[in-house]
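Notes to accompany the following structure.
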Amino acid sequence: MILAAAVAAAAYMAWVRYVSERSIVILSTTDIHAKVENFPRLATAIAQCRDTVTTFVADAGDRWTGNAYVDMAREPRRPVIDMMNAMGYDVATLGNHEFDDGQAFLGHINSLCRFDVVCANVVSDTITFPQPEPYRIFCRNGVKVGFVGVVTNYDHNNHPAGKDESFVGLTFPDPQQMAAEYAWLKDRCDVLVLLSHMGDDMDRRLAEKCSAYDLILCGHTHTLVDTVVNGTQLGQSGYGAKHIGVTHIRMKGTKIASLDYRTVPIEEFAPDTLYERWVEELHDNEALNRPVGECRNILTRVGVAAWETDVMRRHFDADVAFYHYGGIRCDSLPDRAVSAATIYGLEPFSSTLYTMRMTPAQMRRMIISKYNDTLNPTESHRIDLFSTTPYTIRVDARGEAVDVLFPELDEADTCRVVMGDYMYKNYRDIEAVDVVPEGVLLTDILMNDLRENSPIDYSNERIQHIERAE
């Protein structure tokens, strides 16, 4: 009787594994950037999916940095991890912003994760940041799903975007190469997934030459992606947990019968009341909620940049100020009171400022180098450097920058220039003299300016332009 039962059980398991039709769903997020205000609806979406189908929940990196209530919590960053643990995430990879607070902090936070953190292209020689596993294979409902993780090293100095000191003792092999090296996992999995924080442009390049992955869940570029490249589905759910990626996979035995990806707006789901209370308690912070000043009019990203750079210029009595597009983390400021939390969310990186002296020729070289950047193409061929001085980038027939015109600068002058520390340390072809790390936080001078000059009033009209050279 016992033998017969064992044989029947084995036969049933073999039927489930090799013959039966089953469905699984992979839910995915990326670039959450601590926007926990969207977690109540995200929690509902995950719970509803789990109630109906075998579900995996994955994240493609940049879980924190961007919300003052999280970044400055009693235990910084931890609210994001606690909520992800509660929602039952299964696996995640590293983004560049996971390293913002250094390796010891990241090692500690990773130890609190009740989900696996995988990354195949980081090599650690430090005791504070244990070497992550390159991949994880799950088996649910008879389906083996493998997840490989990679993070960008294309931004600067062969490491993710960030300050050099955060990466001492770590090396980052090329993520495309390392992802391709784990293609052998396809023979051990029914479904092979890449959790990629190298940007969907790089993911496309990988898919063109490596067809082992059934699904690449992209991150880093903050866009919505739903495309198929060389038979591989690429999906990216944008920024701030405003959308969730939903991949429905229908299996016939061990073979994929169909794989469909779509992004779903989180607003389609009712908020979970438990998570609502959790977020409300986190946001009950008098110091962060207190108004600092106000805006006279709504400022778009261009207007915010105009204000930021003007404050920098005036504070250091400089001739010209520059700030980079990616350092401004809000699309607008409202025409009403502005809180400290808003300013910290606008600039969440604890950026400090550098002063120096540069000629217009040196500024021109810096701007052209960034515009034509081939190593970080998602930031190239656009106005990346906001400035207090107007300029026009002239491009040739191929769309490459060949000149920059400064209508208000004398080519014979040497200007006092101020810029952020990230830009000075990471952007290429910056030549300057009399460089001084001022050690002043940008957030401090922004809040002082709000207090002293409210209501602030700046134009949303661009003063940097691109034109075709004759």
Side-chain angles (χ1 to χ4, degrees), residues 31 154-156 161 199-201 220-223 238-239 297-313 318-333 346-347 349 351 353-354 356 358-409 411 415 417-432 442 446 456 458-470:
D31 297 281
Y154 300 118
D155 300 295
H156 180 69
D200 63 280
D201 52 336
H220 193 46
T221 42
H222 296 189
T223 55
Y239 168 81
N297 301 305
I298 295 174
L299 295 183
T300 66
R301 193 186 198 98
V302 171
V304 171
W307 173 55
E308 278 199 19
T309 53
D310 186 51
V311 171
M312 292 162 57
R313 181 191 60 78
D319 301 304
V320 180
F322 288 100
Y323 209 70
H324 65 293
Y325 183 99
I328 301 173
R329 288 292 168 141
C330 73
D331 292 328
S332 64
L333 286 180
L346 164 66
E347 206 299 303
F349 308 115
S351 295
L353 299 170
Y354 275 63
M356 63 204 71
M358 300 178 72
T359 65
Q362 290 170 329
M363 294 182 229
R364 179 176 296 110
R365 182 181 181 190
M366 172 183 71
I367 293 167
I368 290 175
S369 177
K370 186 59 184 173
Y371 189 90
N372 294 338
D373 189 356
T374 57
L375 294 180
N376 195 8
T378 56
E379 295 180 1
S380 70
H381 298 85
R382 70 177 187 185
I383 299 296
D384 184 80
L385 299 180
F386 293 112
S387 178
T388 51
T389 192
Y391 66 77
T392 298
I393 299 173
R394 307 195 74 195
V395 301
D396 62 17
R398 299 174 300 120
E400 298 297 298
V402 294
D403 196 8
V404 179
L405 307 179
F406 298 106
E408 296 183 1
L409 299 182
E411 290 292 325
C415 303
V417 174
V418 56
M419 65 180 67
D421 60 341
Y422 177 81
M423 181 180 158
Y424 177 73
K425 292 179 179 180
N426 290 277
Y427 279 30
R428 291 179 292 279
D429 295 317
I430 296 180
E431 296 179 356
L442 176 57
L446 291 176
I456 60 172
Y458 283 81
S459 171
N460 293 316
E461 184 176 349
R462 287 185 177 274
I463 62 171
Q464 283 82 45
H465 304 282
I466 302 168
E467 70 174 25
R468 175 81 174 268
E470 296 297 331

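Atoms CG and OG1, from Asp200 and Thr221 in turn, are 3.5 Å apart once rounded to the nearest 0.5 Å. A distance of 13.0 Å separates CD1 in Ile383 from NZ in Lys370, rounded to the nearest 0.5 Å. Summarising the geometry, atom CZ belonging to Arg365 is positioned 4.0 Å from atom CG belonging to Asp429; distances are rounded to the nearest 0.5 Å. A distance of 10.0 Å separates CD1 in Ile463 from OG1 in Thr392, rounded to the nearest 0.5 Å. The structure places CD of Glu408 at 12.0 Å from CG of Asp319, a figure rounded to the nearest 0.5 Å. Here the straight-line distance linking atom CD1 of Ile456 with atom CG of Leu299 works out to 5.5 Å at 0.5 Å rounding.
Two residues are said to be in side-chain contact when any heavy atoms from C-beta on lie closer than 4.5 Å; Met312 and Phe322 fail this criterion. Under the 4.5 Å side-chain criterion, counting only non-hydrogen atoms from C-beta, Leu346 is in contact with Glu308. Under the 4.5 Å side-chain criterion, counting only non-hydrogen atoms from C-beta, Val302 is not in contact with Tyr458. In this structure, the side chains of Met419 and Ile430 come closer than 4.5 Å at one or more pairs of heavy atoms. In this structure the side chain of Tyr154 never reaches within 4.5 angstrom of the side chain of His220, judged on heavy atoms. Within the 4.5 Å cutoff, side-chain heavy atoms of Ile393 are placed close to those of Tyr391.
Taking each heavy atom of Asp421 and Tyr354 in turn, the nearest pair found is CB-CE1, 3.6 Å. Smallest separation of non-hydrogen atoms from Pro407 and Pro390: CD-O, 3.5 Å. Scanning all heavy atoms of the two residues, the minimum distance from Leu353 to Gly420 falls at CD2-CA, 3.8 Å. When all heavy atoms are compared, the tightest approach of Gln464 to Phe386 is OE1-CA, 3.9 Å. Shown here for Arg394 and Ala469, the closest heavy-atom pair between the two residues is NH2-CA, 3.7 Å. Closest of all the heavy-atom pairs between Met363 and Met358 is CE-O, 3.7 Å.
Panel note: side chain Asn372, backbone Ala401; a donor-acceptor pair is recorded below 3.5 Å. Listed for the Ser387 side chain is a donor-acceptor partner under 3.5 Å among the backbone atoms of Ala321. Side-chain atoms of Asp373 do not come within 3.5 Å of backbone N or O of Arg428 as any donor-acceptor pair. One N or O on the side chain of Asn426 and one on the backbone of Tyr422 form a donor-acceptor pair closer than 3.5 Å.
His222 meets the ring pair (Phe, Tyr, Trp, His ring centres under 6.0 Å) test with His33, Tyr239; sequence neighbours excluded. Looking at residues two or more places apart in sequence or on another chain, you find a side-chain hydrogen bond (donor to acceptor under 3.5 Å, both in side chains) between Arg301 and Asp331.
For Tyr371 and His381, the ring centers are positioned less than 6.0 Å apart.
Annotation for Glu411: atom CD counts as buried by contact number, over 12 foreign heavy atoms lying within 6.0 Å.
Across Thr359, Leu409, Thr389, a single residue satisfies side chain to side chain contact (heavy atoms under 4.5 Å, CB included) together with Cys415, and that is Leu409.
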